[in-house]
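Everything on this sheet refers to the single structure shown next.
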Amino acid sequence: MDLEEILTRGVAEIITKEELLEKLRSGRTLRLKMGFDPSKPNLHIGHYVGLRKIRQLQDLGHTVVLIVGDWTAQIGDPSGRDESRTMLDPETVRANAETYMQQFFRVVDRSRTEVRWQSEWFGKFTLADVFNLTSRFTLGQMMAHETFRKRYEQGLPLSLMELLYPLLQAYDSIAVDADVEFGGTDQKFNILAGRELQRMLGKEPQNVFLVPLLVGLDGRKMSKTFNNTIDLVDPPEEMYGKIMSMGDDVIIEYFILTTDVPMAEIEEMEREMKAGRVNPRDLKMRLARELITQLYDAEAARKAEEEFVRVFQRRELPSEMPQFRLTEPKNIVDLLVEAGLAASKSEARRLIQQGGVKLNEEVISDIEATIALTEPAVLRVGKRRFVQLVP
RNA sequence: GGGCAGGUACCCUAGUGGCCAACGGGGUCUGACUGUAAAUCAGAUGGCUCAGCCUUCGGAGGUUCGAAUCCUCCCCUGCCCA
């Protein structure tokens with residue numbers, strides 16, 4: 001991928017591009033800053049967009065400085081959120097950071113990464129330092145941040161501590177001497193604060209590198225509450241299924257932002273799809289293969305596809321399913337709960353009444369039914385939950 | 001410190017003495033349909049020993065035959081005044 005593509009494909013905004021190009025051409029090893037919030041240890045496919053960017057620049061010889069936001073995590077990033085968060089205890093933060101980094105280094109080159117904890121510098125911050133930092137920004141500046149303004153105007157709680165978040169993140173740039181800081185477009189305010197602070201303190205201001213926010217599988221904002229994310233830790237089969245459940249109109253965007261498929265080829269796909277000459281399903285299958293190959297390997301992608309075709313297209317049984325030992329006759333409701341197919345007996349009854357429970361592909365409609373086994377059987381709930389019963 | 005408005009199920013919201021396990025939306029689940037775990041449509045969505053019972057409407061008490069709804073105190077949030 002050439003420099004021009006690195007700086008345009010999957011890039012929302014660079015402040016300023018000229019300045020960054022100059023730095024890149026200077027021959028210096030640049031310090032690429034990226035922070036993360038260890039209160040949310042799971043990376044999803046949205047983060048992947050930015051990580052790939054970082055990796056691409058890393059491959060040009062630059063150093064990544066990964067900042068563990070163990071102090072800002074206790075505040076909670078106010079960006080794009082409308083309520084404050086309760087503080088986390090240090091052990092949780094530490095454990096989360098571990099989990100996060102495991103995933104982070106599946107994409108980013110560990111050998112060219114410097115990991116720094118905010119506590120290195122904020123641990124010995126004094127009130128004098130806080131004065132020095134806070135005196136440089138005004139309330140008006142903070143209220144220019146859309147999230148703060150919105151919460152204030154809507155009469156929602158907004159603590160002074162939260163106002164500090166952008167300042168702490170800005171100070172990180174001073175502490176690690178950042179040349180470029182990465183983030184999603186929702187990070188613009190915070191990253192710019194860092195740039196400004198550097199300038200105020202007579203340092204060379206960092207460049208702001210913003211990657212677009214990837215939309216969720218259903219085209220809405222990607223969010224846990226909508227359950228429209230793909231987690232980096234999702235197993236291949238899960239990823240495959242999730243990609244197949246994606247709305248047709250986001251397919252191309254995913255190709256551009258999350259794969260290395262050449263742009264020319266992607267444009268061709270878009271044309272073919274618009275003209276109705278290609279089934280979007282097949283493009284999604286390709287996307288699933290690409291992504292799983294990148295995150296796992298080609299073999300995992302092949303297996304996941306095989307499984308998907310088997311279970312969902314041909315409606316056959318999955319090749320592997322959890323087993324449950326049933327030695328003596330048992331009421332179906334109890335069985336569903338014990339086998340983990342229903343969360344409560346009430347739910348089990350509901351599932352039966354709605355016709356969602358099948359034993360060897362035969363619907364069980366009687367909640368009083370007793371299941372006895374002489375040979376293995378498959379108990380199924382809905383389309384995708386299976387348990388193999390063995391005597 | 002004073003005044004006003006709020007805190008309802010996973011989330012948002014309606015409910016201001018019995019018809020309330022609580023309207024509606026989101027989410028989730030199931031069914032139908034399909035190119036798919038898409039879209040669309042329909043239903044369900046506290047628990048249980050299930051025509052009944054138990055637990056739930058910020059917390060603790062109280063009034064009442066009966067409380068999410070009334071009273072008292074407390075905790076939390078926003079606004080206005082100081």
[atom1]-based separation of [M] from [N] [nearest Å]:
| N | M | atom1 | value |
| --- | --- | --- | --- |
| B:rC12 | B:rC19 | C1' | 26 Å |
| B:rU63 | B:rU13 | P | 34 Å |
| B:rU45 | B:rA39 | C1' | 23 Å |
| B:rC4 | B:rU72 | P | 12 Å |
| B:rC23 | B:rA14 | P | 14 Å |
| B:rA67 | B:rC57 | C1' | 11 Å |
| B:rC41 | B:rC33 | C1' | 8 Å |

For RNA chain B, whose closest nucleotide is more 5', that of A:Val337 or that of A:Val357?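 Counting from the 5' end, the first nearest nucleotide belongs to A:Val357.
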Nearest-nucleotide 5' precedence on RNA chain B, A:Met246 against A:Asp282: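 Closest to the 5' end, via its nearest nucleotide, is A:Asp282.
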Could you tell me the Watson-Crick or G-U partner of [N], where both distances fall under 3.5 Å? Say none if there is no partner.
| N | value |
| --- | --- |
| B:rU28 | B:rA44 |
| B:rU64 | none |
| B:rU16 | none |
| B:rG1 | B:rC81 |
| B:rC73 | B:rG59 |

Same apolar cluster: A:Leu373 and A:Met321, side chain cutoff 4.5 Å: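 In one cluster with A:Leu373: A:Met321, no.
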With a 4.0 Å cut-off on heavy atoms, is A:Gly241 in touch with a base, just the backbone sugar-phosphate, or nothing at all?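 Base, at least one base heavy atom under 4.0 Å.
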Describe the nucleic acid contact of A:Glu237 in one word from base, sugar-phosphate, nothing, applying a heavy-atom distance below 4.0 Å.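 Here A:Glu237 touches the bases of the nucleic acid.
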Could you give the [atom1]-to-[atom2] distance, from [X] to [N], as a whole number of Å?
| X | N | atom1 | atom2 | result |
| --- | --- | --- | --- | --- |
| A:Met285 | B:rA37 | CE | P | 12 Å |
| A:Gln354 | B:rG43 | CD | P | 12 Å |
| A:Leu351 | B:rC29 | CG | P | 11 Å |
| A:Arg281 | B:rA39 | CZ | P | 17 Å |
| A:Arg385 | B:rU30 | CZ | P | 5 Å |
| A:Gln353 | B:rG43 | CD | P | 16 Å |
| A:Glu347 | B:rU30 | CD | P | 9 Å |
| A:Phe308 | B:rG35 | CZ | P | 13 Å |

Establish, from distance only, whether the side-chain atoms of A:Gln169 and A:Gln187 form a donor-acceptor pair under 3.5 Å.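 A:Gln187 and A:Gln169 do have a side-chain donor-acceptor pair below 3.5 Å.
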Pairing donors with acceptors under 3.5 angstrom, does anything connect the side chains of A:Tyr48 and A:Gln294?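 Result is yes, a qualifying pair exists.
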Taking the ring of A:Phe36 and the ring of A:Phe104, is the distance between their centroids below 6.0 Å?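 No, too far apart.
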Taking the minimum atom-to-atom distance to the side chain of A:Lys284, which one of B:rU30, B:rG35, B:rG47 wins?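 My answer, after comparing the listed nucleotides, is B:rG35.
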Pairs in or reaching into residues 55-67 of chain A: which pass side-chain hydrogen bond (donor to acceptor under 3.5 Å, both in side chains), with residues at least two apart or in two chains?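 Non-adjacent pairs meeting side-chain hydrogen bond (donor to acceptor under 3.5 Å, both in side chains): A:Lys53-A:Gln56, A:Arg55-A:Asp59, A:Gln58-A:Thr113.
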Would you list the pairs meeting side-chain hydrogen bond (donor to acceptor under 3.5 Å, both in side chains) in which at least one residue belongs to residues 243-268 of chain A, sequence neighbours left out?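 Passing the test, one end in residues 243-268 of chain A: A:Arg52-A:Asp260, A:Glu265-A:Arg286, A:Glu268-A:Arg271.
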In terms of the angle between their ring planes, are A:Tyr171 and A:Phe125 parallel, tilted or perpendicular, with boundaries placed at 30° and 60°?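 The rings of A:Tyr171 and A:Phe125 stand perpendicular, inter-plane angle above 60°.
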B:rA44 base to A:Arg350 side chain: any donor-acceptor pair below 3.5 Å?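 Looking at the base of B:rA44, it does not pair with any donor or acceptor on the side chain of A:Arg350 (distance under 3.5 Å).
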Examine B:rG47: is either OP1 or OP2 under 4.0 Å from a nitrogen or oxygen in the side chain of A:Ser344? Give yes or no.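 Looking at the OP1 and OP2 atoms of B:rG47, one of them is under 4.0 Å from a side-chain N or O of A:Ser344.
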B:rU49 phosphate, OP1 or OP2: any side-chain N/O from A:Lys345 under 4.0 angstrom?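 Yes, A:Lys345 has a side-chain N/O under 4.0 Å of OP1/OP2 on B:rU49.
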